[in-house]
Amino acid sequence: MLARDHAYLRRLLEGLAEAAAAGDFARKKALFRALKSCLNVHATLEEEGFYPAVMKLRSAGVREAVREALEVHQAVDSIVAEIDQMEPEDRQYDAKLQGLRASVEHHIGEEERAMFTEARNHLTDDRLQALGRQMASLREKMPGDNAGV
C-alpha cells in the first residue's frame, strides 16, 4: 500500500514538473492540490500505522530512520504550506516545487531502502497483512477523496 502511494506521489511530482516546464498554471494548481491531499493521507498512514509497527522492531537503525522520517514530514508540511499560499504564476512557486520534489523523493528512497526492508525481514506475513488492513481502515475513515492515493 505504501509503495503504491510512493509511486503515485512520484507520478504527481513528475506531472508537476511537466506542467511547470509547459507553463500550465491551471494544471500545476490542480496537481498540487492532489499532491497535498496525497501527502496528508500518506503521512497519516505512516505516522499512525507503519512507523509504530516498525518502532517495535527494537532496531536502533530503524528508530533513527523513523525519527528522521518524522522530521522530513514536518519539513514537507512546511514547504507545502508555503506553496499553498502562493499562486502558480509566482516565480518562486516552481523553485519551491523543485525543493518539495527533492525532499519527497529522497524521503521515499530512504523509507524503501531502510524501513520497508526491515519490515519485510522482521515482521511476519500475518503481521504485515494485519498492518495493511489497519492502514486501509484508517484510509477509509479519512475525509476527502483519497481512493487514488
Check your understanding: Quick check, are the ring centers of Phe25 and Phe32 under 6.0 angstrom apart?
Key -> no

**Study point:** Closest contact, heavy atoms only, Ala69 versus Tyr51
**Key:** CB-OH, 3.2 Å

Check your understanding: Atom CG in Leu12, atom SG in Cys38: separation rounded to 0.5 Å?
Key -> 6.0 Å

Review point. Would you call His107 and Val76 a side-chain contact if the rule is heavy atoms closer than 4.5 Å?
Key: no

Study note, to complete from the structure: NZ of Lys29 to CG of Asp84, rounded to nearest 0.5 Å, is 9.5 Å

Review point. Donor-acceptor pair, Ser37 side chain versus Arg33 backbone, under 3.5 Å?
Key: no

**Study point:** Validation row: Leu2, Met135 side chains within 4.5 angstrom (heavy atoms)
**Key:** yes

Check your understanding: Atom CG in Leu9, atom CD1 in Ile108: separation rounded to 0.5 Å?
Key -> 5.0 Å

Practice item. Classify the side-chain pair Tyr93/Glu82 by whether it contains a donor and acceptor separated by less than 3.5 Å. Key: no

Check your understanding: Is any side-chain heavy atom of Leu16 less than 4.5 Å from a side-chain heavy atom of Leu100?
Key -> no

Review point. Any side-chain heavy-atom pair from Gln129 and Asp126 closer than 4.5 angstrom?
Key: yes

Review point. Side chains of Glu48 and Leu138: does their closest heavy-atom pair fall under 4.5 Å?
Key: yes

Check your understanding: Where is the tightest heavy-atom contact between Val62 and Glu118, given as atom of each residue plus distance?
Key -> CG2-CG, 3.3 Å

**Study point:** Side-chain touch Gln134/Phe50, heavy atoms, less than 4.5 angstrom
**Key:** no

Revision key, fill the gap. The reported gap from CG in Leu39 to NE2 in His42 (rounded to nearest 0.5 angstrom) is 8.0 Å

Point to revise | Within-4.5 Å side-chain heavy-atom neighbours: Arg139 and Asp5 | key: yes

Point to revise | Other residues, nucleotides, ligands: >12 heavy atoms within 6.0 Å of His122 NE2 | key: yes

Point to revise | Salt bridge flag under 4.0 Å for residues Glu64 and Arg67 | key: yes

Exercise for review: May I ask you to decide whether Glu112 forms a salt bridge with Arg10, counting only side-chain N to carboxylate O separations under 4.0 Å?
Suggested key: yes

Check your understanding: Just by distance, do the side chain of Ser103 and the backbone of Gly99 share a donor-acceptor pair under 3.5 Å?
Key -> yes

Practice item. Find the distance between CD (Gln92) and CD (Gln98) and round it off to the nearest 0.5 Å. Key: 10.5 Å

Practice item. Please test Asp77 against Val80 for side-chain contact (heavy atoms from CB on, under 4.5 Å), starting from the C-alpha separation and ending with a verdict. Key: CA-CA 5 Å; Asp77 286 347; Val80 166; 5.7 Å; no

Practice item. Run the numbers on Glu110 and Met115 for side-chain contact (heavy atoms from CB on, under 4.5 Å), then give the verdict. Key: CA-CA 8 Å; Glu110 289 295 313; Met115 284 187 261; over 6 Å; no

Check your understanding: Is Glu46 close to His73 at the side-chain level, that is, under 4.5 Å between some pair of heavy atoms?
Key -> yes

Point to revise | Heavy-atom closest contact (Leu131 atom, Ala53 atom, distance) | key: CD2-CB, 3.8 Å

**Study point:** Contact summary for Met1 and Gly132, nearest pair of heavy atoms
**Key:** CE-O, 3.5 Å

Review point. Of all heavy-atom pairs between Val54 and Ala119, which one has the smallest distance, and what is that distance?
Key: CG1-CB, 4.0 Å

**Study point:** Salt-bridge contact Asp94-Lys28 (side-chain N to carboxylate O under 4.0 Å)
**Key:** yes

Check your understanding: How close do Lys96 and Ile79 get, heavy atom to heavy atom, and via which atoms?
Key -> O-CG2, 4.0 Å

